[in-house]
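Have a look at the structure below, then the notes.
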Amino acid sequence: MKTQVVIIGAGPSGLLLGQLLHNAGIQTLILERQTPDYVLGRIRAGILESGTVGLLREAGVAKRMDAEGLVHHGVEFLFNGKRIPVPLSELTGGKSVMVYGQTEVTRDLMEARQSSGAPAIYGVSDVRIDDIKSDSPTVTFTKGGETCRVTCDFVAGCDGFHGVSRQTIPREILREYESVWPFGWLGMLADTPPVNSELIYAHHERGFVLCSQRSLTRSRYYLQVPLTEKVEQWSDERFWQELKRRLPEDLSQKLVTGHSLEKSIAPLRSYVVEPMQYGRLFLVGDAAHIVPPTGAKGLNLAASDVNYLWRILCQYYQHGRADLLDRYSQLALNRVWKGERFSWFMTHLLHDFQDKSEFDKKMQEADRQYYLGSRAGLTTIAENYVGLPYEAVESL
Ligand code: FAS
Ligand code: PHB
């Protein structure tokens, strides 16, 4: 079997890259180890940056998002009982974010892939990538007991943090940067109307709270919990009680509770690997970087990488720009590190750190007072939250 680009992983990165390349007439094959239902069953991101929204529209998969997604022009912060509005659009010259779950983005991309007729093989195993330093790498995999071998021009490792792609690069080539956070997020999805029209990011002495949503009838809440907590210890009742304790009276009284559709605890990690390419293998999305979800950047940084790789491969195939191939890693990392910084900043600003010294707690409080009490501070939060601009590739 031969193709131009083998994409490993059918999460948002792999599917979006596949759609954009297919639309550009570039041959692709997507390999996914799970089933479509399993991929769709993972409840993850909910906020799309303006750049991601633009990319989905460019890929021709935004019809349902534009019909059902919620455009948000602002977000709220809450600390010391004070609610601080951040008027995103006013502070960023009209930019906004879209509330539309990653599950729905993935569903739209899966349907588009299916209608395009371009191949996506689910339920593969033993994926191996060889000859990535040559100009015709090979990918072998097992499907239905048969071993298959594909030669290609490029491999896009869109296979997430635990995938095979990053492991294929010799360890001595890689530089890893990591910070593990001393707490997790207990998340709940419920078919209850959101407690507030906009998202609320709240610091509370009992721990961070995020009030998010998927639609006008479906809410998503997160509570900071110690890493020792197990989701089995958290009944719906206990979750709602704790959420009410961390919200001010006016919000806790408005809160509509109900049965959880999903409940899980996610550990928080900041991670980046450099470089994000080696020979003809490119790392994309969670295969190369992880952020704590406080800045709503995980899915959006994956889309950012896809933006750069798609444009670079189009320039290569359509205009012979082989020189751009080596620019991918730095272009992607320039924006990844800014996303890592914002996610680190938001996590530091809003979470409760047991082991912080009293001085450091004062510094954290001063940060909240400054960033949430000045137009300059609110503006820096707003421009990072809606998404920093992509660097232009074509003009390089
Ligand atoms: P993904 O991990 O989504 O997809 C990788 C795909 O590759 C998977 O389908 C996997 O099955 C497949 N794969 C792996 N190894 C393979 C192999 N050897 N062969 C074939 N296929 C293979 N981001 C936010 O912005 N906001 C959030 O609130 C948020 N919450 C999150 C909660 C959790 C629990 C997790 C884990 C992540 C969360 N994220 C959040 C980040 C998340 O949304 C990722 O950024 C996003 O899924 C990245 O997409 P991909 O890079 O496609 O990786
Ligand atoms: C979500 O709705 O899942 C969500 C929203 C914003 C975040 C993190 C998660 O920062």
Side-chain angles (χ1 to χ4, degrees), residues 11-12 41-48 75-79 97 99 101-103 160-162 178-190 192 194-196 198-214 218-247 251 255 257 260-271 285-286 289-302 339-356 364 368 381 385:
R42 295 190 297 233
I43 305 298
R44 291 189 174 168
I47 299 296
L48 306 181
V75 67
E76 271 193 42
F77 283 69
L78 192 160
F79 71 103
V97 293
V99 173
Q102 173 173 325
T103 303
F161 188 70
H162 302 290
E178 182 170 43
S179 173
V180 178
W181 297 85
F183 37 72
W185 276 21
L186 167 63
M188 180 200 271
L189 191 68
T192 56
V195 72
N196 193 48
E198 293 180 337
L199 270 65
I200 300 177
Y201 289 80
H203 171 267
H204 189 277
E205 60 195 12
R206 293 179 63 85
F208 168 79
V209 177
L210 172 57
C211 301
S212 184
Q213 52 192 266
R214 288 292 177 272
R218 181 165 287 190
S219 304
R220 178 76 169 158
Y221 295 104
Y222 294 96
L223 298 174
Q224 171 188 347
V225 292
L227 284 172
T228 49
E229 289 293 302
K230 301 274 176 281
V231 69
E232 299 75 30
Q233 297 165 313
W234 284 85
S235 67
D236 290 359
E237 181 57 32
R238 184 184 174 198
F239 185 97
W240 293 121
Q241 284 311 316
E242 184 59 29
L243 178 57
K244 284 180 178 174
R245 290 184 69 169
R246 298 189 191 182
L247 292 175
L251 283 171
L255 183 69
T257 65
S260 61
L261 300 171
E262 188 267 355
K263 217 169 17 192
S264 56
I265 294 180
L268 272 55
R269 175 207 309 262
S270 299
Y271 174 89
D286 278 18
H289 41 76
I290 298 285
V291 286
T294 330
K297 289 301 162 211
L299 173 59
N300 293 296
L301 287 176
E340 288 282 345
R341 185 211 68 83
F342 180 64
S343 306
W344 174 89
F345 162 80
M346 286 277 279
T347 306
H348 254 287
L349 191 74
L350 296 167
H351 285 72
D352 192 57
F353 291 79
Q354 294 297 323
D355 61 349
K356 261 190 190 299
Q364 190 188 22
R368 284 191 289 269
I381 288 174
Y385 195 80

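These numbers come from a predicted model, not from an experiment. Every heavy atom of this structure was used, including side-chain atoms; hydrogens, water molecules and symmetry mates were not.
Sorted pairs that involve residues 179-188 and meet salt bridge (charged side-chain N to carboxylate O under 4.0 Å, His left out), not counting sequence neighbours, are lacking altogether.
By the side chain to side chain contact (heavy atoms under 4.5 Å, CB included) test, Asp236 pairs with Met188, Trp240, His259, Ser260, Lys263, sequence neighbours left out. Glu237 pairs by the side chain to side chain contact (heavy atoms under 4.5 Å, CB included) definition with Ser235, Gln241, not counting sequence neighbours. For Gln364, the side chain to side chain contact (heavy atoms under 4.5 Å, CB included) criterion is met by Phe353, Lys356, Arg368, not counting sequence neighbours. Scored by the side chain to side chain contact (heavy atoms under 4.5 Å, CB included) test, Pro226 finds Thr228, Glu229 as partners (sequence neighbours excluded).
Judged by distance alone, the side chain of Arg269 and the main-chain N or O of Ile290 form no donor-acceptor pair under 3.5 Å. Here the side chain of Asp286 pairs no donor or acceptor atom with the backbone of His162 at under 3.5 angstrom.
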Hey, can you pull the donor-acceptor pairs under 3.5 Å for the side chains in residues 340-349, sequence neighbours left out?
{"unit_1": "Ser343", "atom_1": "OG", "unit_2": "Gly339", "atom_2": "O", "d": "2.8"}
{"unit_1": "Thr347", "atom_1": "OG1", "unit_2": "Thr294", "atom_2": "OG1", "d": "2.6"}
{"unit_1": "Thr347", "atom_1": "OG1", "unit_2": "Ser343", "atom_2": "O", "d": "2.6"}

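You'll find the side chain of Leu223 reaches within 4.5 Å of the side chain of Val209, heavy atoms only. Using a 4.5 Å heavy-atom cutoff, the side chains of Pro182 and Gln354 are not in contact. The closest side-chain heavy-atom distance from Leu261 to Arg218 is below 4.5 Å.
Between Thr103 and Arg42, the shortest heavy-atom contact is OG1-O, 3.4 Å. Heavy-atom minimum distance, Lys230 versus Gln233: N-OE1, 2.6 Å. Residues Lys244 and Leu255 share a closest heavy-atom pair of CG-CD2, 3.8 Å. Taking both residues in full, the closest heavy atoms of Val195 and Leu251 are given as CG2-O, 3.5 Å, listed atom of the first, atom of the second, then distance. Across all non-hydrogen atoms, the minimal contact from Val75 to Leu199 is CG2-O, 3.5 Å. Residues Val291 and Gly298 share a closest heavy-atom pair of CG2-N, 3.4 Å.
The aromatic rings of Tyr221 and Phe239 sit tilted relative to each other, their planes meeting at an angle between 30° and 60°.
Between Arg245 and Glu205 no salt bridge is recorded (no basic side-chain N to carboxylate O distance below 4.0 Å).
Gln224 and Asp352 form no side-chain donor-acceptor contact under 3.5 Å, judged by distance and modelled atom types alone.
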